[in-house]
Undergrad: 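One structure is given below, represented as structure tokens, and several questions about it will come after.
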Number of protein chains: 2
Amino acid sequence: MVISIHLDSDTPLYEQLRNQIVIGIATGELAAEEKLPTVRQLAEDLGINTMTVNKAYSILKQEGYIVIDRRHGAKVSPRSTQTQDGSNHTAQLEEQLQLIIAQATIKGIDQSRFQALCSTIFAQMKYQH
Amino acid sequence: MVISIHLDSDTPLYEQLRNQIVIGIATGELAAEEKLPTVRQLAEDLGINTMTVNKAYSILKQEGYIVIDRRHGAKVSPRSTQTQDGSNHTAQLEEQLQLIIAQATIKGIDQSRFQALCSTIFAQMKYQH
DNA sequence: TCATATGTATTAATATATATAATACTTAGT
DNA sequence: ACTAAGTATTATATATATTAATACATATGA
């Protein structure tokens, strides 16, 4: 998977990494159980610090997106384990969505256009439980 | 409009303010042309610094959500002026949506449930151009 | 005219977040 | 034992966030 970072972005590097990997999992570009590059390798490829990559991996692990074992490195969590934390996801999703929809509404994007956009994006997601 | 901030949140105070005001405009809780509290007043009400509120207002102004004049303070932008900056909004919206939908997908929320959630939220938005 | 309330600007101080760097530790497979 | 993986430690530099105290500019209303 190709990961690109933008040093001039206002989004922290570790967060850019985290986001791109999450999207990679959802689109299926990163298959379940697939091995991720080592922290050292990815850091070198991107020209950034080891600990920055490590932070991204730690977050992904804590969020349940990946599993890590010392010897084999990091890999995408098996499909079955992704769903299990449950409750507060919906609340958080709802909050994020509310803000996005508020902004879209004010900027003149109506519901049908918004829903169409969602459909297009959903069509890219190959992840299957 | 009731604004509440959370000091323990990972979201900066000025951003919490900014977000809540944006949502307030979209839901219609803040009408177009409605006067916002003064920076000093809001800062005092919330028990935070004047400059933090000022930063939120500055961002909202720069984003076009509110207009400010020295004497009368800040007020919600008239409906007609909200739409005008145009182009990169959709791109930004698309990017935010992609991440949210990716996360939702992995967590097992399917498209129909997602769309239903969007509908519920859209129903709260009373803002009209 | 003139006091006043408004958003702003300035300057300083402090705390936290971000990123790099160099190095060492832990662990498990070969 | 060696090695490669994540992780921990320590230090440093920079940027961001927040508060604080104060002052400035300006347009309104008395």
Side-chain angles (χ1 to χ4, degrees), chain A residues 1 3-22 25 30 33-78 81, chain B residues 1 3-22 25 30 33-78 81:
Chain A
M1 177 189 178
I3 293 180
S4 57
I5 53 170
H6 301 279
L7 298 170
D8 58 332
S9 168
D10 51 346
T11 310
L13 299 180
Y14 71 85
E15 201 175 329
Q16 294 183 40
L17 285 182
R18 180 266 177 201
N19 291 346
Q20 290 188 45
I21 290 171
V22 169
I25 294 173
L30 290 171
E33 313 264 8
E34 179 171 342
K35 193 175 174 306
L36 295 174
T38 68
V39 280
R40 288 176 177 82
Q41 183 64 55
L42 189 49
E44 191 188 358
D45 288 353
L46 299 174
I48 62 177
N49 195 271
T50 313
M51 296 314 288
T52 306
V53 177
N54 184 65
K55 182 161 185 179
Y57 278 21
S58 297
I59 291 172
L60 288 163
K61 168 180 141 193
Q62 186 242 320
E63 293 176 326
Y65 291 112
I66 67 176
V67 290
I68 288 173
D69 96 87
R70 283 220 197 267
R71 177 58 173 174
H72 294 101
K75 63 173 187 178
V76 178
S77 294
T81 60
Chain B
M1 178 190 179
I3 292 181
S4 56
I5 54 171
H6 302 278
L7 297 170
D8 56 333
S9 168
D10 51 346
T11 310
L13 300 179
Y14 70 87
E15 200 175 329
Q16 294 181 42
L17 286 183
R18 178 265 178 203
N19 291 346
Q20 289 188 48
I21 290 171
V22 168
I25 294 173
L30 291 172
E33 313 262 11
E34 179 170 342
K35 192 175 173 308
L36 294 174
T38 69
V39 281
R40 287 175 178 80
Q41 184 63 55
L42 188 50
E44 191 188 358
D45 288 352
L46 299 174
I48 62 177
N49 194 271
T50 313
M51 297 313 289
T52 305
V53 178
N54 185 63
K55 181 160 185 178
Y57 279 20
S58 296
I59 291 172
L60 288 163
K61 170 180 141 195
Q62 186 242 320
E63 293 176 326
Y65 290 112
I66 66 176
V67 289
I68 288 173
D69 95 87
R70 283 220 198 266
R71 178 56 175 175
H72 294 100
K75 64 173 186 177
V76 178
S77 293
T81 60

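Every chain is numbered from 1 and lettered A, B, ... according to where its sequence line falls, protein lines coming before strand lines. Source: prediction; values computed, not measured.
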Undergrad: So if I take the C1' atoms of five pairs at each end of the helix from C:dT1-D:dA30 to C:dC25-D:dG6 and get each local axis, what angle do the two axes make, rounded to 10 degrees?
TA: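 Inter-axis angle at the ends, rounded: 30°.
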Undergrad: Taking all heavy atoms of B:Tyr57 and all of B:Leu36, pick out the closest pair and write down the distance.
TA: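 Looking at all heavy atoms of both residues, the shortest contact is OH-CB, 3.6 Å.
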Undergrad: Distance check: side-chain N/O of A:Thr52 vs OP1/OP2 of C:dT20, anything under 4.0 Å?
TA: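 For C:dT20, OP1/OP2 do have a side-chain N/O of A:Thr52 under 4.0 Å.
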Undergrad: Is the shortest side-chain heavy-atom distance between A:Thr52 and A:Leu46 below 4.5 Å?
TA: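 The answer is no, as the side chains (C-beta and beyond) never meet within the 4.5 Å cut-off.
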Undergrad: I need the minimum non-hydrogen distance between A:Arg18 and A:Glu63, along with the two atoms involved.
TA: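 Reported closest heavy-atom pair: NE-OE1, 3.0 Å.
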Undergrad: Heavy atoms only: give me the nearest A:Thr11-A:Gln16 pair and the separation to one decimal.
TA: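 The pair with the smallest heavy-atom distance is O-NE2, 2.8 Å.
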Undergrad: Round to a whole Å and report the spacing from CZ of B:Arg18 to P of D:dA17.
TA: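 Those two atoms, CZ and P, are 14 Å apart.
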Undergrad: Return the value, rounded to whole Å, for the distance between atom CG of A:Leu36 and atom P of D:dT7.
TA: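 Taking atom P of D:dT7 as the reference, CG of A:Leu36 is at 12 Å.
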Undergrad: If you assign A:Thr11 and B:Pro37 each to the DNA chain C nucleotide with the nearest heavy atom, which residue ends up on the more 5' nucleotide?
TA: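 Result: B:Pro37.
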Undergrad: Closest-nucleotide mapping onto DNA chain D: is B:Thr50 or B:Arg40 further toward the 5' terminus? I mean the 5' end.
TA: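 Per heavy-atom nearest nucleotide, the more 5' residue is B:Thr50.
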Undergrad: Nearest whole angstrom, please: distance from the C1' of C:dA9 to the NZ of B:Lys61.
TA: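 So the two atoms are 12 Å apart, to the nearest Å.
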Undergrad: Pick the nucleotide of DNA chain C nearest each of B:Gly73 and A:Leu13; which residue has the one closer to the 5' end?
TA: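 The residue closer to the strand's 5' end, by nearest nucleotide, is B:Gly73.
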Undergrad: Round to a whole Å and report the spacing from CE of A:Met51 to C1' of C:dA24.
TA: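 Distance, rounded to whole Å: 12 Å.
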Undergrad: If we only count heavy atoms from C-beta on, is the A:Ser4 to A:Gln20 side-chain gap below 4.5 Å?
TA: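 Side chain of A:Ser4 against side chain of A:Gln20, heavy atoms only: contact under 4.5 Å found.
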Undergrad: Rounded off to whole Å, could you give me the OH-to-P distance for the B:Tyr57 and C:dT8 pair?
TA: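 Taking OH of B:Tyr57 and P of C:dT8, I get 11 Å after rounding.
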Undergrad: Does B:Tyr14 place a side-chain N or O at less than 4.0 Å from the phosphate oxygens OP1/OP2 of D:dA17?
TA: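 It does, given that an N or O in the side chain of B:Tyr14 lies less than 4.0 Å from OP1 or OP2 of D:dA17.
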Undergrad: Taking atom P of D:dA4 as reference, at what distance in whole Å does atom CG of A:Asp69 sit?
TA: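 Interatomic distance, CG of A:Asp69 to P of D:dA4: 16 Å.
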Undergrad: Roughly how many Å is it from CD1 in A:Ile68 to P in C:dT27, rounded to a whole number?
TA: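 So the two atoms are 16 Å apart, to the nearest Å.
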Undergrad: Please check the phosphate of C:dG7 (OP1 and OP2 only) for any side-chain N or O of B:Asn54 closer than 4.0 Å.
TA: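 Looking at the OP1 and OP2 atoms of C:dG7, neither is under 4.0 Å from any side-chain N or O of B:Asn54.
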Undergrad: Does the A:Ser77 side chain pair with the main chain of A:Tyr65, one donor and one acceptor, at a distance under 3.5 Å?
TA: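 Judged by distance alone, yes, a pair lies under 3.5 Å.
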Undergrad: Select one nucleotide: of D:dG6, C:dT10, C:dT18, the one nearest the side-chain heavy atoms of A:Lys55.
TA: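 Among the listed nucleotides, the one closest to the side chain of A:Lys55 is C:dT18.
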Undergrad: Side chain of A:Val39: nearest nucleotide among D:dT7, C:dG29, D:dA17?
TA: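 Nearest listed nucleotide: D:dT7.
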Undergrad: Under 4.0 Å, counting only non-hydrogen atoms across every strand here, what does B:Lys35 touch: a base, just sugar-phosphate, or nothing?
TA: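 No contact at all - B:Lys35 keeps every heavy atom at 4.0 Å or more from the nucleic acid.
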Undergrad: In whole angstrom, what separates B:Glu44's CD from D:dA21's P?
TA: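 Taking CD of B:Glu44 and P of D:dA21, I get 14 Å after rounding.
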Undergrad: Hey, mind stepping through A:Asn19 and A:Glu15 against side chain to side chain donor-acceptor pair (under 3.5 Å) and telling me if it holds?
TA: CA-CA 6 Å; A:Asn19 291 346; A:Glu15 201 175 329; 4.5 Å; no
